[in-house]
Amino acid sequence: MGFLDNSGDIILDAVLTDTGRARLAKGDGTFRIAKFALGDDEIDYALYDNSNPSGSAYFDLQILQTPVLEAFTNNTANLNSKLISIARTNLLYLPTMAVNTLFSDDTKLNESINMFYVTVDNETTTTLNGVQGTINGFDNSGGSYVRVDQGLDTTEVSQKRNLDSDLVETQYIIELDTRLGEITAENTGATATISFIDDDQIASYYLSLGTDTDFVNTIPIPTDVPSPKMIIDGPLGTLLKFKVLASIDLQTSTFLFTELGGTVNLSGTDFYYIDSNIRVTGATTGTRLDIPVRFIKQQ
Amino acid sequence: MATVFKNLLSNDIATTRTLLNEAIPITGTIVSGTYNDENIKNYAHGMFQSVYDYPYLSSSANHIFDITYGYTSNYSASANAQNAKKLNIYNQMAQVLVGYDVTGSIRKFDRDGDFATTGNNAKLENCVFLNYSRLLTKDEIKKGSYRLTVLSGSTEITIGDYGAQNDYRVNSPTGEYGILYTASAATPGTGVGLVYYQAGVAVLTASAGIFDSYESFTGSLTISGTADNVRSKWVDNDFNNTTELNSTVYFCRLNNNEFNYSSNPTYLSGSKIVTKQKSTDPSVSYVTSIGLYSADNELLAVAKLSEPLKKDQNNELTLRVRLDY
């Protein structure tokens, strides 16, 4: 008589993150675990060899041998890629997100640095006026903006098709360092509402379809497909568009530039800069996109 | 509807209490010898002596216990070294460990813990106190595990709380305590000291049969000198500590149709799932970590697996995530 397989129940010891410890120390009842998610940050799915001649048992042999790192206590450093629950098991494509650099000249990245510039004061905005991929972070008038499109990025499914409703991203989370700036609407310049700021001073903005219409909209099916203005080749879901307004500290001081950044010379003019990322995460699908930005200030 | 979170229901959360024990050996070579007393710290006030597990000027040294000595007014004499301090030490230890009687007077350490005024009413009037560090005792000393071997004259005697796991006292203001005997068959009325389990303090009578230099403890020796003498007689000391571990276990249940897809950037080529060649192939993902979140999606705790765990539509898993407090 063989033994029963007992591999289905696994005990793991958890460690508190810095946010968990902070909330526990507060003692105000905010430390309450309500849900869980699973992550696979270390996995490189490119190692999945589904044509291995030795058979299906060898498809994921390399993946299963992946060494796993110990947990980080920084809450932002864990579970960067999460597992997704979708009831259907017959999906061959999943939606992705991309910065739409094709929609107009105002949505293009700066080609030389492959990121967006964010000017932080009037003088810098004037100097860099007309430079591709420059967001006016001084007063948000004119200039570039960020547009993120979501959908199935494949030519194997027509762009004319609607994206299945359970794959449409309906809520986006934008994370930005509050020391550097804040998120504003592309059209009205209205400031987005911060949901919370964590212990690392990273602000999270939750922007939803139907509620935050200045930021999140459904992408209409183009009349001519494949549309040259779409970065996503297949069925389209929703879009997120926003600008960045530089913080008061960046507008009026060089302290953070000297502490977090460096200096660069552009066409004979010296600038301070800070490189950062704006992280966009689909709250529904867990898809994540880091958008590189360079906050820049003329010396 | 795609989702990355799963809510924990009330039956997914359980609380447990576990008692962990560690064996703590304090050998005579550490207490007196190995480090030429560089691990012994005396203070200008002379009220007690500290013992470290390494020369105390080193940053890697840990404080392990203190030794001090005191007596009641019955032994008080102005000619005694540090007479007032010895009285103060006894009273301080007694008021914390023994408490007060109905008149508000500090009670004396009682040999058998019953504070009877008739029969076996002997008190411990002059005592050596061993105050163990919280580092060693943790939440408490395990009852019945305390053993101290000292050299009395040329004879080794072992003092222990024999049988204390089933026979201890609860009439101390600082928790439970046991009676120390010199023989493994504990005989009522023959106790030579007390061990306070939660306080982490051993109280030993300074008398013949235990410390052969006991008379000089009272008179000519200072408290530090007494501590030096006690250490010189130290052969071995062992006990088990106890840590009370309160845990919450979160049962993270992964049903067959959950968590079979990934948002890992390498999971897709374009938008095509790289682990599938056709739509009917099983959806496969690999778990390496579990995050516990608040209702507002803040990551509060993380657990990692030792190796990737395969999840597909053909299996269900329950991952028990334990958070200790």
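The chains referred to below are lettered A, B, ... by the order of the sequence lines, with proteins before strands, and numbering in each begins at 1.
The contact between B/D296 and chain A is made by backbone and side chain atoms together, counting heavy-atom distances below 4.5 Å. If you measure heavy-atom distances from A/I232 to chain B, you find no contacts under 4.5 Å at all. Contacts of B/S294 with chain A are made by both backbone and side-chain atoms, with heavy-atom separations under 4.5 Å. At a 4.5 Å heavy-atom cutoff, the contact between A/D198 and chain B is made by backbone and side-chain atoms alike. Only the backbone of A/A283 has a heavy atom closer than 4.5 Å to any heavy atom of chain B. Proximity to chain B is absent for every atom of A/L167, based on heavy atoms less than 4.5 angstrom apart. Contacts between A/E169 and chain B at a heavy-atom distance below 4.5 Å are absent for every atom of the residue. For B/K278, the part lying near chain A is the backbone, with the side chain staying farther off; criterion is any non-hydrogen pair under 4.5 Å. Only the side chain of B/L268 has a heavy atom closer than 4.5 Å to any heavy atom of chain A. Residue contact with chain A, scored on non-hydrogen atoms closer than 4.5 Å, is absent for B/L9. With a 4.5 Å cut-off on non-hydrogen atoms, B/Q277 touches chain A through its backbone and its side chain both. There is no contact between B/V249 and chain A, counting heavy-atom distances below 4.5 Å.
The greatest number of non-hydrogen atom pairs below 4.5 Å with chain A, out of B/S306, B/P282, B/A303, is found for B/A303. When the candidates B/I290, B/N264, B/I273 are compared by the number of heavy-atom contacts under 4.5 Å with chain A, B/N264 comes out ahead. Chain A forms more heavy-atom pairs under 4.5 Å with one residue of B/E258, B/K276, B/E307 than with any other, namely B/K276. Looking only at heavy-atom pairs under 4.5 Å with chain A, the residue among B/T248, B/L299, B/I13 that has the most is B/L299. Most heavy-atom pairs under 4.5 Å with chain A: of the set B/F5, B/Y250, B/Y267, B/Y286, this distinction falls to B/Y286.
Here the side chain of B/S271 pairs a donor or acceptor atom with the backbone of A/D153 at under 3.5 angstrom. Judged by distance alone, with hydrogens and angles left aside, the side-chain atoms of A/N100 form no donor-acceptor pair with the main-chain N or O of A/R147 at under 3.5 Å. Under the 3.5 Å distance criterion, the side-chain polar atoms of A/Q150 are matched with a main-chain donor or acceptor of A/T238. Judged purely by atom type and a 3.5 angstrom limit, A/D40 has no side-chain atom pairing as donor or acceptor with the backbone of A/L83.
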Evaluation steps, side chain to side chain contact (heavy atoms under 4.5 Å, CB included), between A/S195 and A/Y205: CA-CA 5 Å; A/S195 295; A/Y205 302 81; 5.6 Å; no
Before giving the answer on ring pair (Phe, Tyr, Trp, His ring centres under 6.0 Å), spell out for A/Y172 and A/F215 the whole-Å C-alpha distance, their side-chain angles and the decisive distance to 0.1 Å. CA-CA 9 Å; A/Y172 292 89; A/F215 297 91; over 10 Å; no
Under the criterion salt bridge (Lys or Arg N to Asp or Glu O under 4.0 Å), I'd like the reasoning laid out for A/R279 against A/D290: C-alpha separation, chi angles, the key distance, then a yes or no. CA-CA 4 Å; A/R279 174 167 292 180; A/D290 285 338; 2.9 Å; yes
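Note on ring orientation: taking the six-membered ring where Trp is involved, the planes of A/F196 and A/Y206 are tilted (angle from 30° to 60°).
Checked for salt-bridge contact, A/E42 and B/K304 meet the test: a charged N lies under 4.0 Å from a carboxylate O.
Counting heavy-atom neighbours within 6.0 Å of A/K160 NZ, excluding the residue itself, gives a total above 12.
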